[in-house]
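The structure appears right after this line, and notes come after that.
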Amino acid sequence: MLRMTEYIRETLEGKKPKAFEGVILIWNLTNRCNLYCKHCYSFANKDREELTREEASNFVHKLPTLGVKYAILSGGEPLLREDIFYVAKLLKEKGIRTYLSTNGLLVKDHLKDIKESFDYVGISLDGRPEVHDSFRGRKSSFYLSLDAIRECLKEGIKVGLRFTLTPITAGSLPFIFELAEREGIPKVYVSHLVYSGRARRLSDLEKEDYRKWVGFIVDKAFEYVQKKVPIDIVTGNNEADAVVLYREFTRRYPDLAKDLYERLTLWGGNQAGVRLMNINHRGDVKPDPFFFHSVGNIREEDPVKIWQRNALLSFLRERPRRLKGKCDNCPYLEICNGNSRARAYAVFGDYAQEDPACYL
């Protein structure tokens with residue numbers, strides 16, 4: 001994840017960059033869901049073939065050995081998993097920070113438990129009401145999700161808005177930022193489309209449009225820092241955003257560009273299989289949730305061994321990664337780290353190929 005406003009602000013303030021420590025776990029606790037979203041990478045449905053409470057508990061006890069410092073509990077819709085707060089409690093007992101990624105429809109029913117169990121809540125809003133409802137397959141879901149954000153704000157729960165950038169939703173991006181400003185939502189996370197699950201049926205933005213919208217997001221980040229607007233902007237799943245950020249920063253603050261570049265190289269770009277780990281509801285371990293292949297299953301093998309020995313993980317952990325196509329000689333490879341390997345596989349059938357969604 002690229003923390004745009006934070007990196008701009010800290011560079012301008014002269015703060016020394018710090019290397020990120022620890023592993024982020026994205027844990028798809030369940031594949032059950034109460035929506036049917038067009039971009040769902042996990043084909044969420046009513047599948048109940050999920051880890052038992054005992055299996056989940058045993059896995060949590062392994063996480064400190066794996067270096068996990070942050071756990072994002074997702075789904076499907078994670079609040080449909082009856083023991084989610086038990087799992088979150090175990091994670092916190094291990095000193096792991098907990099994050100909830102939800103569509104928001106069930107948040108009101110669990111506000112007290114959410115406040116006690118999670119350090120942060122991300123709630124999805126993918127555009128204007130009619131766009132969001134169509135994209136997520138349920139009428140009035142926009143207002144239910146917005147109400148959930150409002151309830152979290154009232155309760156003092158750290159909450160942010162999640163938005164997926166696609167041809168269907170892109171035109172709503174200005175509305176999303178206006179909404180965040182109006183409602184006092186302190187964080188906007190913009191996720192790029194990855195061609196996995198139902199998202200394989202969607203087309204991506206044309207490159208010219210892609211550059212336009214990313215430019216819009218970057219300009220918003222500079223605006224918020226300069227005007228001291230208390231909203232953080234974060235993007236994910238397309239690390240080319242860091243290059244656009246660096247180029248614009250260089251244009252505005254050429255004397256400090258070297259400092260931002262150092263910060264971005266320490267950030268390291270795409271971290272699938274490096275500082276990012278995914279486990280799905282069946283116990284399959286993946287470098288990130290979008291990969292087409294798992295590297296093992298915790299029901300069959302010790303997760304520590306899985307995470308230490310695998311050819312795909314070894315490839316992902318090379319620095320620089322040995323990539324093909326235009327990624328092979330890209331001067332910004334040390335910033336983006338080759339971007340999404342899952343998108344490369346979705347289009348070319350090869351994890352080493354160039355990322356087709358690189359819009360540079």
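What you are looking at is a predicted structure, and each value in this text was computed from that prediction instead of being measured.
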- Query: So does D288 pair up with R341, basic N to acidic O under 4.0 Å?
  - Reply: no
- Query: Taking atom types as modelled, is there a side-chain donor on E77 or T102 under 3.5 Å from an acceptor on the other?
  - Reply: yes
- Item | Interatomic spacing from CD1 in I123 to CZ in R150 - rounded to 0.5 Å | 12.0 Å
- Query: Hey, are the side chains of L360 and R247 touching, using non-hydrogen atoms and a 4.5 Å cut-off?
  - Reply: yes
- Message: For E183, I'd like to know if atom CD has over 12 heavy atoms of other residues, nucleotides or ligands within 6.0 Å.
- Response: yes
- Tightest non-hydrogen contact, residues Y246 and A257, listed as CE1-O, 3.5 Å
- Among R299, R32, R282, which one satisfies salt bridge (Lys or Arg N to Asp or Glu O under 4.0 Å) with E50? R32
- Message: Between N103 and S124, is there a side-chain donor-acceptor contact under 3.5 Å, judged purely by atom types and distance?
- Response: no
- Message: Ignoring hydrogens, what is the shortest heavy-atom contact between D133 and S140? Give both atom names and the distance.
- Response: OD2-N, 2.8 Å
- Item | Exercise: do T166 and T169 side chains pair donor with acceptor under 3.5 Å | yes
- Query: How many angstroms lie between CZ in R3 and CD in E10, if you round to the nearest 0.5 Å?
  - Reply: 8.0 Å
- Message: L125 vs F142, test: side-chain contact (heavy atoms from CB on, under 4.5 Å). Steps then yes/no.
- Response: CA-CA 7 Å; L125 281 178; F142 172 88; 3.6 Å; yes
- Query: Is the shortest side-chain N to carboxylate O distance from E130 to R128 below 4.0 Å?
  - Reply: no
- Ion pair present between K212 and E208, side-chain N to carboxylate O less than 4.0 angstrom? no
- Message: For Y70 and Y99, take the angle between the two ring planes, folded into 0 to 90°, and tell me which bin it lands in: parallel under 30, tilted 30 to 60, perpendicular over 60.
- Response: tilted
- Message: I want to check something: taking the side chain as every heavy atom from C-beta on, are F249 and M4 in contact at a cut-off of under 4.5 Å?
- Response: no
- Note on the structure: Shortest non-hydrogen pair, S145 vs H132, comes out as OG-NE2, 4.0 Å
- Item | Separation between CZ of F292 and OH of Y195, rounded to the nearest 0.5 Å | 10.5 Å
- Item | Atom pair OG1/CG of T98 and L25 - distance to nearest 0.5 Å | 12.0 Å
- Message: Between W27 and L51, is the side-chain contact (heavy atoms from CB on, under 4.5 Å) condition met? List the steps.
- Response: CA-CA 11 Å; W27 189 349; L51 296 176; 4.3 Å; yes
- Kindly give the heavy-atom pair with the smallest separation between I176 and V188, and that separation in Å. CG2-CG1, 4.2 Å
- Message: Please determine whether a side-chain nitrogen of the Lys or Arg among K62 and D302 lies less than 4.0 Å from a carboxylate oxygen of the Asp or Glu.
- Response: yes
- Item | Near-ring test Y189/Y120, centroid separation under 6.0 angstrom | no
- Evaluate side-chain contact (heavy atoms from CB on, under 4.5 Å) for Q226 paired with I8, printing each intermediate quantity in order. CA-CA 10 Å; Q226 290 161 356; I8 295 169; over 6 Å; no
- Task: On the 0 to 90° scale, with breaks at 30° and 60°, tag the Y345-Y351 ring pair as parallel, tilted or perpendicular.
- Result: parallel
- Query: Is the NZ or CZ atom of R275 positioned over F20's six-membered ring, under 6.0 angstrom from the centre and within 45° of the axis?
  - Reply: no
- Item | Neighbour count above 12 (heavy atom, 6.0 Å) for K89 NZ | no
- Query: Below 4.0 angstrom, N of the basic side chain to O of the carboxylate: do K154 and D147 qualify?
  - Reply: no
- How many angstroms lie between CG in D126 and CD1 in I168, if you round to the nearest 0.5 Å? 9.5 Å
- Task: May I ask you to check whether over 12 heavy atoms, not counting those of E21, lie within 6.0 Å of atom CD?
- Result: no
- Return the orientation label for the Y210 and Y359 ring planes: parallel under 30°, perpendicular over 60°, tilted otherwise. tilted
- Query: Got a salt bridge between E262 and K258, using NZ or NE/NH1/NH2 to carboxylate O under 4.0 Å?
  - Reply: no
- Is there a path of hydrophobic side-chain contacts, each under 4.5 Å between heavy atoms of I, L, V, M, F, W or Y residues, that connects L264 with V274? no
- Query: Is the shortest heavy-atom distance from the side chain of P303 to the side chain of L63 under 4.5 Å?
  - Reply: no
- For L316 against G273, the heavy-atom pair lying closest together: CD1-CA, 4.1 Å
- Task: Calculate, to the nearest 0.5 Å, the distance between atoms CZ and CZ belonging to F291 and R343 respectively.
- Result: 11.0 Å
- Task: For residues I335 and E239, determine if any side-chain heavy atom of one lies less than 4.5 Å from a side-chain heavy atom of the other.
- Result: no
- Would you mind reporting whether F222 and V225 have side-chain heavy atoms less than 4.5 Å apart? no
- Parallel, tilted or perpendicular: which fits the ring planes of W213 and F216, with parallel below 30° and perpendicular above 60°? perpendicular
- Establish, from distance only, whether the side-chain atoms of S340 and D355 form a donor-acceptor pair under 3.5 Å. no
- Message: Tell me which one of L79, L80, L144 satisfies side-chain contact (heavy atoms from CB on, under 4.5 Å) with L105.
- Response: L144
- Task: Decide, yes or no, whether a salt bridge links R9 with E6 under the criterion of side-chain N to carboxylate O below 4.0 Å.
- Result: no
- Hey, are E181 and K220 close enough for a salt bridge, meaning a charged N less than 4.0 Å from a carboxylate O? yes
- Which class fits the ring pair F118 and F85: parallel under 30°, tilted 30 to 60°, perpendicular over 60°? perpendicular
- Stepwise side-chain contact (heavy atoms from CB on, under 4.5 Å) test for I231 and T5: CA-CA 8 Å; I231 297 176; T5 45; over 6 Å; no
